[in-house]
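These numbers come from the heavy atoms of this one structure, side chains and all, not from hydrogens, waters or symmetry mates.
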Amino acid sequence: MTLVAQTIWGAIFTKIGGFSFLVLRFSTIVLAVLFTYFFNGFITNRRNPRVALFATLSLILGPIFIAQSVTFMTEIPYLITFFLAIVHYYKFFDTQKGKYLVYGILFSVIALMIRQTALILPLGFGVTHFLLTSKKWKNIIQAALPTVIAIIVLIGYKNWRIYTNNIEGSYSNVGVMLDTLLSFDVDYLTQRIGVIILHVGFFLSPISIFFLVNSKQLLKKTNKWKYFILTVVLIPFIYSSWNSFPIGNVMYNLGLGPKVLKEVMFYLNRPYSAPEFIWNGLRILATISIFILGMKAINKWSNFKKIVPDLSSPSIKPNFFLITLGSGLFIFLVLNPTFFDRYLLPITMLLTLFIALNSSFTGKLTLPYALTIGIGLISIVLSRDYFSWSRTRAEALNYLTQEMGVSPSSIDGGVEFNGWHKSGPWRDVPKEPDEKSWWFVTDDEYLISTGPFPKYKKLKSFNYQQILPYRTDTIFILKKSILKE
């Protein structure tokens with residue numbers, strides 16, 4: 001990740017309101033509100049307010065969007081700049097005016113300065129513009145220009161970062177993804193694809209339910225063999241990843257937000273988890289959702305041969321562009337060894353946008369809206385519970401450092417605390433509880449935990465209230481119970 005644009009955005013707010021995590025979170029909330037406004041407005045202009053409102057709410061009331069809107073993580077800054085680049089490339093497709101190409105390049109570069117995966121924006125534009133326009137030199141230059149500029153910016157920044165900080169390793173490595181592809185681990189690839197399918201199916205379930213309750217003929221006899229092929233293709237992926245949903249690090253057990261403490265690496269003191277029947281219900285919902293979307297796509301585009309040759313259709317370029325972007329991000333997520341559920345937010349946005357621009361959403365919306373609002377309310381409550389946990393952890397750490405005068409270098413307080421204080425070296429992931437955590441820990445005489453940990457004794461406890469499930473939980477300060485050698 002590059003993180004530059006996001007850092008500059010946050011710095012602007014801290015110049016106004018002073019530095020605090022609250023100010024940084026507020027800067028992200030502003031972007032989330034702006035994204036909502038632009039996303040809804042874009043679909044309204046191209047479709048109608050009914051389609052725009054439903055599509056927008058189904059996206060922004062999802063668990064990932066809600067949870068990330070109140071953090072200083074990269075998801076929301078990346079999402080809005082990614083989307084604004086799409087908007088201006090669309091306007092260029094419509095008008096062929098150079099200013100929209102310039103704006104598209106600008107927002108592509110800004111997104112690239114948050115995450116490298118934004119390189120798919122100029123690449124997707126270039127492929128679309130090259131393939132679907134006449135092969136004049138002007139069009140070829142227009143197709144290539146965004147990618148050339150993006151690569152120059154990325155290479156320049158990367159070399160500057162290596163020169164100044166020597167931290168090239170923090171970048172995603174294309175070689176690692178090639179190794180994944182060349183090793184061709186069928187089990188790994190099948191499970192990863194299945195995990196993506198299940199999560200996307202769940203995130204798009206309100207839209208799928210709309211199609212289910214309003215499609216008079218979802219199953220068409222003329223497409224029965226295509227439905228059969230769809231089933232044969234999807235079942236192995238879903239089966240292999242059934243127990244991997246949800247995968248984290250935002251959605252986990254019954255919570256939203258990563259609780260990165262040492263105990264997590266050794267599966268100790270695992271937080272309350274919803275009963276298995278609830279998770280199976282969500283998996284079934286996600287599976288039904290992805291099958292509905294697949295059948296709807298087959299019904300709408302089964303006559304593909306008649307659609308493709310009509311290059312004069314105004315929807316061909318935008319649809320091809322969105323498909324190219326989604327395919328590129330999908331390939332990256334499959335091959336990149338590091339994977340979190342929050343990485344799926346851009347793909348969810350692309351699919352929501354694609355469906356909204358190609359659907360009328362005429363029909364009953366009561367059940368889809370109920371599901372959308374239900375998911376949103378639960379997500380809000382779970383996000384609240386996460387911040388209650390986070391505030392209590394901060395209270396425990398403040399007690400250690402301010403009341404007891406303990407140095408941060410003697411505390412393992414989790415990745416955020418030790419990373420903030422740079423209280424030690426970067427380490428390998430520990431294999432045994434006796435080993436120090438990988439996140440900047442020099443000495444772990446004191447440990448923050450939600451329960452007991454081997455060779456530590458409880459020193460002090462701090463209670464906090466959860467809503468789902470409704471109970472009082474505890475953060476502990478632990479101290480080593482054996483003498484250091």
Side-chain angles (χ1 to χ4, degrees), residues 1-7 10-11 19 21 24 68 71-75 77-78 113-117 154 157-177 179-180 247-250 252 257-269 332 335-343 390 393-394 396-398 400-401 406-450 453-456 477-480 484-485:
M1 294 183 289
T2 42
L3 303 174
V4 176
Q6 179 189 7
T7 303
F19 179 83
F21 293 122
L24 293 177
Q68 296 302 291
T71 73
F72 194 60
M73 300 289 284
T74 58
E75 269 63 40
Y78 180 73
M113 288 294 97
I114 299 173
R115 283 187 184 171
Q116 295 155 277
T117 50
L154 186 60
Y157 175 71
K158 183 178 179 180
N159 287 333
W160 171 79
R161 190 170 175 181
I162 294 170
Y163 175 76
T164 56
N165 297 304
N166 192 28
I167 48 177
E168 179 184 7
S170 64
Y171 284 86
S172 296
N173 191 327
V174 175
V176 173
M177 291 186 284
D179 290 342
T180 303
I247 197 168
N249 68 346
V250 175
Y252 69 96
K259 297 183 176 181
V260 189
L261 297 174
K262 186 175 184 179
E263 60 191 20
V264 173
M265 291 184 285
F266 301 102
Y267 302 99
L268 298 172
N269 308 320
F332 171 80
L335 298 181
N336 191 38
T338 303
F339 177 79
F340 299 120
D341 51 10
R342 55 191 171 86
Y343 292 173
S390 183
R393 179 182 60 166
L397 288 165
N398 287 339
L400 266 177
T401 55
V406 178
S407 169
S409 62
S410 299
I411 303 171
D412 184 343
V415 63
E416 297 92 347
F417 174 81
N418 291 89
W420 172 254
H421 288 282
K422 296 183 180 178
S423 53
W426 186 278
R427 303 177 185 272
D428 293 332
V429 176
K431 297 179 180 179
E432 300 292 336
D434 286 345
E435 299 176 20
K436 293 181 175 63
S437 301
W438 54 264
W439 48 71
F440 314 104
V441 176
T442 296
D443 185 11
D444 52 4
E445 181 181 358
Y446 295 90
L447 181 70
I448 299 298
S449 181
T450 60
F453 198 89
K455 298 182 180 179
Y456 281 82
I477 296 176
L478 305 182
K479 185 176 182 180
K480 275 189 177 179
K484 293 184 291 183
E485 296 180 359

Subject >> Minimum heavy-atom distance Thr442-Ser409, with the two atoms named >> reply: CB-O, 3.6 Å
Original post:
Can you tell me how far the OG1 atom of Thr74 sits from the CD1 atom of Ile114, to the nearest 0.5 Å?
Top reply: 7.5 Å
Original post:
Is Arg115 close to Tyr343 at the side-chain level, that is, under 4.5 Å between some pair of heavy atoms?
Top reply: yes
Original post:
In Å, rounded to the nearest 0.5 Å, how long is the span from CD1 of Ile448 to CZ of Phe453?
Top reply: 12.5 Å
Subject >> Which atom of Val415 lies closest to which atom of Trp438, heavy atoms considered >> reply: CG2-CH2, 3.8 Å
Original post:
Between Leu261 and Gly414, which heavy-atom pair has the shortest distance, and what is it?
Top reply: CD2-CA, 4.0 Å
Original post:
Can you tell which of Ser449, Ser423, Ser437 makes a side chain to side chain donor-acceptor pair (under 3.5 Å) with Asp412?
Top reply: Ser437
Subject >> With Asp444, the salt bridge (Lys or Arg N to Asp or Glu O under 4.0 Å) member among Lys262, Lys479, Lys455 >> reply: Lys262
**OP:** Establish, yes or no, whether a centroid distance under 6.0 Å links the rings of Phe417 and Trp420.
**Re:** no
Subject >> Reported CG-to-NZ distance for the pair Asp434 and Lys480, which is rounded to 0.5 angstrom >> reply: 7.5 Å
**OP:** For Asp341 and Val250, indicate whether the former's side chain and the latter's backbone hold a donor-acceptor pair under 3.5 Å.
**Re:** yes
**OP:** Would you indicate whether the side-chain heavy atoms of Asn336 and Thr117 approach each other to under 4.5 Å?
**Re:** no
**OP:** Find out whether Asp443 and Ser410 are in side-chain contact, i.e. whether some heavy atom of one side chain is under 4.5 Å from a heavy atom of the other.
**Re:** yes
Original post:
Is there a side-chain contact between Tyr78 and Gln6 (heavy atoms, below 4.5 Å)?
Top reply: no
Subject >> Spacing of CD belonging to Glu263 relative to OH belonging to Tyr456, to within rounding of 0.5 Å >> reply: 12.0 Å
Original post:
Taking all atoms of both residues into account, what is the closest heavy-atom pair of Ile477 and Ala396, and its distance?
Top reply: CD1-O, 3.5 Å
Original post:
Where is the tightest heavy-atom contact between Val429 and Met265, given as atom of each residue plus distance?
Top reply: CG1-SD, 4.2 Å
Original post:
More than 12 heavy atoms of other residues, nucleotides or ligands under 6.0 Å from CG of Asp428: is that the case?
Top reply: no
Original post:
Between Glu416 and Arg393, does at least one N-O distance fall below 4.0 Å, as a salt bridge requires?
Top reply: yes
